[in-house]
Amino acid sequence: MTAMAVSTALATGRVQLVDVRRSSIAMARLRVLWVLGIFTLVAVMALLRIFYLGLGGDSSAITSLEERLLPPRGEITDRNGVPMARAFPAYALWYDPSNLGDGDPLVKSPRKVAEELVAIFPDMDVDRLTEKLESGKRGYLRRRVLPEDANRIQAIGELALEVPQENDRHYPQGKMAAHILGYVNSNEQGKVGMEAVLQDHLTDPATRGEPVALSIDMRVQGALEDELRQGMLSTNAVGAAGIVLDVDSGEVMALASLPEFDPNKIDQAGVDNMFNRVTNQVYELGSTFKPLTVAAAIDAGTIRDFGRPYQANRPLEIGGFKIRDSHTIAPSLNAPQSLIHSSNIVTAQIADELGPVRLRQYMIDLGMNERPYIELPAKGFPIWPKGKWPRLRNMTVSYGHGIAVTPLHLASAYATMVNGGVWRPATLHKLAPGTAPKGRRVFKASTSARMNQLMRMIAVYGTGKNADAPGFRVGGKTGSAEKPGSGGYRRTTLVSTFAAAFPMDRPRFVIIAMLDEPKGTIASSGQRTAAWNAAPVVGRLVPRIGPLLGVMPDETRDIDLTDLEPLVGKKR
C-alpha cells in the first residue's frame with residue numbers, strides 16, 4: 001500500500017472517532033438534562049405539596065403512621081368505659097391444598113389430620129372436618145386461634161394447614177349484651193346489633209380512634225340477664241326478655257333477650273338465638289295495658305270520681321262476645337280497685353266511656369302504631385287494628401288484647417306515664433347531661449302524678465306484691481296473656497309480663513320483665529301467671545341494680561297514698 005493511501009485511511013479513521021466521541025458526549029449531556037429535569041419536576045411537585053398542606057389543604061388526611069397506630073375497628077364501651085367490643089390481633093386456621101403442588105394436599109390421611117386438629121380443638125367434629133379436608137377446597141377451618149394453639153397446629157407438620165395472623169373482633173363480656181352488640185362477620189361487616197349501626201363510625205380512620213360509649217351499664221346488664229335466666233329456667237319458659245329504661249332521658253341501661261348467643265363463636269355456633277325478643281317480637285301484653293287505659297281516662301276527664309263503682313260481678317256481653325274476669329272479685333269495683341285486682345270487666349267499661357277515638361289516639365301518641373324507636377336494625381311492627389275501632393275492639397285493647405307490641409313499646413309507654421307525661425324515644429347511645437330529646441307530651445303532669453300513686457298501690461295491695469322490694473318503692477302491673485294460635489287463643493301458653501317503675505315517689509327507671517310460655521313449677525307455686533313468675537324477677541332485680549343506679553333503699557320514704565287508701569279499704 002502506498003503512503004498516500006495509508007495517510008488517507010488514518011485521516012478517515014480519526015474523523016470517524018471524532019464523530020463517535022461527539023455523539024457520545026451529546027447523548028450524555030442529553031441524559032444528564034433528562035435526569036436533572038426529572039429531579040427538578042419532583043422537587044417542584046414536592047414544594048407545591050408542602051405549600052398546599054401549609055395552607056391547610058387536606059387537613060383531615062391521616063398519614064400512614066397514624067393509620068397504623070389506630071385500631072382496625074373502633075372500640076365499643078358501656079357508659080362507664082367498660083370494654084364491650086374491641087379489635088385485637090389473632091390467628092386463624094386456613095386450609096390451602098395447593099401448598100404441596102399437584103400431588104396429595106396432605107402427607108397424612110385426612111382422617112388422621114382431622115383427629116389431630118380435634119385434639120387441639122375438642123369442640124370441632126372429626127367427620128365434618130375430614131369431609132372438608134377431603135374436598136380439596138381452600139378456606140377457613142377455624143377463626144380465633146390462640147397463639148399456643150397456632151404452635152400446636154404447626155407441630156402437626158402439614159404444609160396445607162396455615163395459621164395466618166389477622167385482625168379479629170373480641171367481646172370481653174362473652175354472651176352478655178349480645179343482642180345489643182351483634183357481631184362482625186368474616187368480611188368485617190357489622191351484623192344484627194350496634195356493630196351494624198356503627199359500621200361507618202367504627203371503620204372510618206377519622207373516628208375509629210375514639211371509643212363509642214353506649215348507654216348500657218354492664219353491671220345492670222349482668223344483673224338483668226342473671227335474674228331473667230333464673231326466672232326462665234325455674235319455670236321452664238322457652239324464652240325471656242327484659243329492659244331497664246331511664247324514664248327522663250330514654251337511655252337504655254340494660255336490654256336482654258334469652259336465650260342468647262355468643263358473638264365470639266359465630267363461626268362455630270352459627271346464627272341461632274339472634275332474634276331479639278325485646279325489640280323485634282310483638283306480643284299481646286295483656287293486663288299491663290290497663291294502667292295506660294286508666295291514665296288516658298283520667299287525662300281525658302272521663303274518670304273524675306275515683307270512688308265511683310263499676311259493675312264487676314257478671315261478664316260484659318258485646319255482640320255475642322263475653323268479657324270475663326278470671327274469677328268474681330266483688331259485685332262492684334272502683335277504678336283503683338280495678339287495677340289492684342286486674343279486672344277486665346271494669347277496664348272495658350272505662351274504655352267504653354272514653355271511646356275508641358280517644359283511646360286510639362292515646363295509643364298513637366305512645367308510639368304503639370309504629371316500630372319501636374331505638375337504633376337497633378331489627379324492630380318489630382305492631383299488630384295494629386287499622387281504621388276506626390269498633391266498640392268491642394276498643395274494649396279488648398284496653399286490657400291488652402287485640403293489639404300486639406314489643407316489650408320496648410311497653411317500656412317507653414310506662415316511662416311516659418310515670419315521668420310527668422312526656423314520651424321520648426329510647427336510645428342505646430350515652431347522652432350527655434341536658435341533651436335528652438324534648439319529646440312530646442302525652443299525659444298531663446297531674447295525670448302522671450296520680451298514676452304513680454295507683455302503680456304503687458298495685459305493688460302494695462294487689463297483684464304486684466311479689467315485686468315490692470323493701471325500701472325501693474316499686475310500682476307495677478302484671479300481665480298474663482294467652483298466645484294466639486290456629487282456631488283461637490291457646491289456654492296452655494302464656495306470655496307473662498311485669499311492667500314496673502321505681503322509686504314511685506320520684507320515678508327514675510322502668511323495668512319490663514317478660515317470660516315466654518312459663519310453666520307452673522314448684523318455684524312458681526304451680527302458677528303460670530305473671531304475679532308468680534315475672535313479678536318476682538323484678539322483686540329480686542331492683543335491690544341489685546338500685547344502688548348501682550344511685551337509688552338507695554330507704555324504708556322511711558314512700559309516695560303518699562292517704563287519699564286513695566280509703567277507697568280500696570286498705571291502710572298501712
Side-chain angles (χ1 to χ4, degrees), residues 284-298 300-360 362-363 385 388-404 451 454-455 457-458 461-465 477-485 487-497 520 527-532 564-570:
E284 290 185 344
L285 292 173
S287 296
T288 57
F289 265 50
K290 291 173 182 173
L292 300 175
T293 300
V294 172
I298 293 172
T302 57
I303 291 181
R304 297 183 181 180
D305 180 3
F306 286 89
R308 173 194 167 185
Y310 295 83
Q311 178 275 124
N313 61 349
R314 63 181 183 277
L316 287 179
E317 186 167 354
I318 309 294
F321 181 84
K322 291 184 178 181
I323 297 175
R324 307 172 185 272
D325 286 334
S326 60
H327 62 283
T328 300
I329 302 166
S332 64
L333 297 171
N334 57 38
Q337 289 172 326
S338 74
L339 290 177
I340 289 173
H341 297 288
S342 195
S343 171
N344 295 341
I345 296 172
V346 174
T347 306
Q349 293 175 70
I350 291 172
D352 198 30
E353 290 183 352
L354 178 63
V357 173
R358 284 188 287 192
L359 182 59
R360 181 177 181 274
Y362 275 105
M363 293 298 174
K388 294 181 179 180
W389 290 1
R391 184 185 181 197
L392 178 59
R393 173 73 70 180
N394 179 59
M395 297 171 83
T396 59
V397 167
S398 73
Y399 54 87
H401 284 75
I403 181 174
M451 291 309 303
L454 294 171
M455 291 281 286
M457 292 184 74
I458 299 169
Y461 303 124
T463 57
K465 289 180 180 179
K477 182 71 185 74
T478 53
S480 304
E482 296 170 356
K483 296 180 76 171
Y489 287 93
R490 295 179 290 167
R491 294 186 177 277
T492 57
T493 58
L494 295 179
V495 174
S496 296
T497 310
Q527 303 295 317
R528 297 182 299 125
T529 57
W532 296 94
L564 292 178
E565 285 176 328
L567 299 177
V568 297
K570 305 287 185 179

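Just so you know, residue 1 is the first one in the sequence shown, and it goes up from there.
- Inspection of the Asn313 and Thr328 side chains reveals no N or O donor paired with an N or O acceptor under 3.5 Å.
- Interatomic distance, Ile323 CD1 to His401 NE2, rounded to the nearest 0.5 Å: 11.0 Å.
- Between Leu567 and Gly307, the closest heavy-atom pair is CD2-CA, 3.9 Å.
- In terms of modelled atom types and a separation under 3.5 Å, the side chain of Arg304 and the main chain of Gly301 share a donor-acceptor contact.
- Judged purely by atom type and a 3.5 angstrom limit, Ser342 has no side-chain atom pairing as donor or acceptor with the backbone of Leu339.
- For the atom pair Arg324 CZ and Ser343 OG, the distance stands at 13.5 Å (nearest 0.5 Å).
- Each of Leu316, Leu333, Val346 was compared with Gln311 under the side chain to side chain contact (heavy atoms under 4.5 Å, CB included) criterion, and only Leu316 meets it.
- Counting only distance, with no hydrogens or angles, the side chain of Thr302 and the backbone of Ala297 share a donor-acceptor pair below 3.5 Å.
- Between the side chain of Glu284 and the backbone N or O of Gly402 there is at least one donor-acceptor pair closer than 3.5 Å.
- A side-chain donor-acceptor contact under 3.5 Å links Thr293 to the backbone of Ser398.
- Residues Pro291 and Ser287 approach most closely at CD-O, 3.6 Å, considering heavy atoms.
- By the ring-ring contact (aromatic ring centres under 6.0 Å, His included) test, Phe289 is found to be paired with no residue, residues two or more places apart in sequence or in another chain being considered.
- Of the possible polar contacts, none joining the Glu353 side chain to the Gln349 backbone as a donor-acceptor pair under 3.5 Å is found.
- Looking at Val294 and Met451, their side chains come closer than 4.5 Å, going by heavy atoms from C-beta outward.
- Under the rule for a side chain to side chain donor-acceptor pair (under 3.5 Å), the partners of Thr463 that lie at least two apart in sequence or sit in another chain are Thr478.
- One N or O on the side chain of Arg358 and one on the backbone of Leu354 form a donor-acceptor pair closer than 3.5 Å.
- For the pair Tyr310/Ile350, a side-chain contact is recorded, criterion being any heavy-atom separation below 4.5 Å from C-beta on.
- Although no hydrogens or angles enter the test, the distance criterion places a donor-acceptor pair under 3.5 Å between the side chain of Asn394 and the main chain of Ala351.
- For the pair Leu454 and Ile298, the minimum side-chain heavy-atom distance is below 4.5 Å.
- Note that the CG atom of Leu494 and the CD atom of Glu482 stand 6.5 Å from one another [nearest 0.5 Å].
- With Ser338 contributing its side chain and Thr347 its backbone, the two residues share no donor-acceptor pair below 3.5 Å.
- Considering every non-hydrogen atom in both Phe306 and Asn334, the closest pair reads O-CB, 3.1 Å.
- Atom NZ of residue Lys290 and atom CD1 of residue Ile458 lie 9.5 Å apart, to the nearest 0.5 angstrom.
- When atom types are taken as modelled, the side chain of Asp325 and the backbone of Asn344 share a donor-acceptor pair closer than 3.5 angstrom.
- With a 6.0 Å radius and a threshold of 12 heavy atoms from other residues, nucleotides or ligands, Trp389 has its CH2 atom above the threshold.
- Nearest heavy-atom pair across Pro385 and Arg393 is CG-CD, 3.6 Å.
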